[in-house]
Amino acid sequence: MSGPTTSPHPTPTPVHPAWLPDATIAPLGTGHALLLTARDETAADPVLATVETELRRAARAHGGRLSTRTDGEPGPDVRLVLATTAVHPQPLPGDAAATEHAWHALVRRVLADPGTLPPESFRLVRDAGVTVVAASSGTGLLHGLHHVARDAAARPGRAAEDTAVTDEVRSPAQAVRMLDHWDNVDVHDVMGQVERGYAGGSLFFADGALRDDLGRAEEYARLLGSIGINRVGLNNVNVHAREARLLTEGLPDVVRLAAVFRPHGIRVHLSVSFAAPMTVGGLPTADPLDPGVQRWWADVTAHVYRAVPDFGGYVVKADSEGQPGPFAYGRDHADGANLLARALAPFGGTVFWRAFVYDHHQDWRDRSTDRARAAHDHFAPLDGRFDENVVLQVKHGPLDFQTREAVSPVIAAMPRTRLAVELQVTQEYTGQQRHACYLAPWWREILDLRPWGEGPTVADVAIGDGPGGRPGALVAVSNVGDDPFWTGHPLAQANLYAFGRLAWDPTLAPEAVLDEWVGLTFGADPDVRAGVHAILDDSWRTYESYTAPLGVGFMVTPGSHYGPSVDGYEYSPWGTYHFADRDGIGVDRTRATGTGYTGQYPAPWRDVYEDLATCPDELLLFFHHVPWGHVLHSGSTVVQHVYDTHFAGVERVEEMVGTWAALAGRVPEDVHARVSERLDEQLRSAREWRDQLTTYVFRKCGVPDARGRRIY
Ligand code: GCV
């Protein structure tokens, strides 16, 4: 689906520091930090240099001090020690001077028995005002350092000097935490440079080439490393001609970008075109069973790994929205994915194969075809056929990142396949970073859902704790660009931050994550904290309240996907209909009378959704076609619900505007100005949504608003 995506904001300077202003990198105060590494470690582990740089930045900002093991005797005032487990049992600095300070004993205790720490884990020990972070790698130490910073920022008043005794090991719940970029090297006419990007151009590419100056990309990598992202897909899944050649002529660009991300513990991936053997390699076919094609992928992949030994692998959108795929050769998606998996396997690479496959040339007159069914219809029968290094990347909902939709039934249907759940940080359908819409509450609902009613959650399936026990990934589409605030709407930074944090620990509370983000970004001012919470905590539900009602989805302007157009997609080929007429609205996806989609779920959901008596209100029109007068569980009718939520939604946006206005002078002026401007647009747009939706519904059914508000 296409649409214009240009930023109204050319790049001014300086760039906003996001959640890593130097003042909050580490809660050193004016204290003294010590970094202990074994002598030969730093050369082999580039992340250790990042840890040292972070500590130096923090020390500079606070007038504190950093010592490393080569600096000699650090003295008694050390408050924070970061140590790799390889240091043990070598003598600690200060031993020679035979001076035993409080921190010596603690470090000695931790390093004498650090426990088994996987590379991304860290052990955190606090005692008598000293904090020790131990890890087996630079990545573990980096995570530990940022944990300490976050902890202090989320709970102002608590600092490293805290006397509470702690001894804990922290590890990511999810091994693969990935951000996909829909960046193009070139600018494409309709889509702009970043497809569905709402924050300007690409951080990586400009003027049809890799940027000479990758400074912004480096700062971005630093931001991602601080929230535990460990994979990045560099280019758009819709792979155009120039981008297809990143595999070959463009490989030096990939080498440079890999070097940008590596010091932050992040491996890079490329989106590739399934037709590359033909378009790039000049072969007559891209048939996955053709030995020449298999050889081509094996050779190209070996070449990539020679240049980028820690390359992560490929991301593939095939047979979807015009992208080439295995169907052209009468092959299926397992044939296609395994072709690439076998080329990657010798090097430990992974292919992320997207399940977003549907017919985008549908006939709107045909009520039996249901786009929501497509991914399950295509992929569930292939369970067990994918190689171990294939991860099937499934959008969280069966349609397309809507403000509200059911969880994809594919997630429960493929126990013998590694599954990644794909979220969208870029706000394509949730206000395009012109509306404040904090998505963590929505993501928590998705991740917490139990596909079998009890037992594992969606997050568990992605982690590898589902019935098949196969580890997958959590993936999301990034929301950044070369905008000075990174994300267009400065408050949309919270979504990027929250994705990283939930990928690390999907049980974190959205409000707690927001507390961390506010503390790191804006400091300890309680009024700012309260104001940002008042604006963001419920903002996703607010957005939902004034846009498409009760899970029906879309109703957006075709192409751009911004703003209301109730019938915009109604007679289109995209399979995104609401079927409103004078009698009712909604999509009948039941087994009894509809498309049978409810049958793709296991019990209990197949029955919960099938039955009007149990289907949740917020998904009613996603599953059922009902009369306008249908009474919801809430007691309201569908038509009155549309009126009430749309008027209330606009009122909430008016409150948001007032709350933010009151923070003038409490947050940096440029941030205040940009957010104010975005809130003004949100209010204008919310009113437009309200007026179009209420008017549309009134004109369809003729039922007036019980409260007599103005409808056009
Ligand atoms: C990258 C939706 C978007 C497209 C996007 C596609 C996808 O259809 O509108 O811009 O293409 O999803 O996820 O592949």
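Both ligands and their constituent atoms are indexed starting at 1 by order of listing.
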### Task
Apply side-chain contact (heavy atoms from CB on, under 4.5 Å) to Asp400 and Arg371, showing your working.
CA-CA 10 Å; Asp400 193 3; Arg371 169 168 164 179; 3.5 Å; yes
Distance flag, aromatic centroids of [Y] and [X], threshold under 6.0 Å:
{"X": "Tyr562", "Y": "His435", "value": "yes"}
{"X": "Phe356", "Y": "Tyr358", "value": "yes"}
{"X": "Trp353", "Y": "His333", "value": "yes"}

### Summary
At under 4.0 Å between heavy atoms, what of Val477 touches ligand 1? The answer is neither
### Residue that, paired with Thr426, satisfies side chain to side chain contact (heavy atoms under 4.5 Å, CB included) out of Thr487, Asn479, Leu496
Asn479
Looking only at N/O atoms, are [X] and ligand 1 under 3.5 Å apart anywhere?
{"X": "Glu422", "result": "no"}
{"X": "Tyr358", "result": "no"}
{"X": "Arg196", "result": "yes"}

### Task
Could you check which of Arg354, Gln393, Glu195, His561 puts a non-hydrogen atom nearest to atom 4 (C) of ligand 1?
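The residue whose heavy atom sits nearest atom 4 (C) of ligand 1 is Glu195.
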Interfacing atoms of ligand 1 (cut-off 4.0 Å, heavy-atom, [X]):
{"X": "Val237", "value": "1 (C), 14 (O)"}
{"X": "Asn236", "value": "1 (C)"}
{"X": "Trp182", "value": "1 (C), 5 (C), 7 (C), 13 (O)"}
{"X": "Phe356", "value": "6 (C), 7 (C), 8 (O), 12 (O), 13 (O), 14 (O)"}

### Query
Crowded around Asp207 CG? As in, over 12 foreign heavy atoms under 6.0 Å?
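Atom CG in Asp207 is not packed in, count stays at 12 or less.
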### Query
With under 30° as parallel and over 60° as perpendicular, where do the rings of Tyr569 and Phe554 fit, or are they tilted in between?
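The arrangement is perpendicular - the two ring planes meet at more than 60°.
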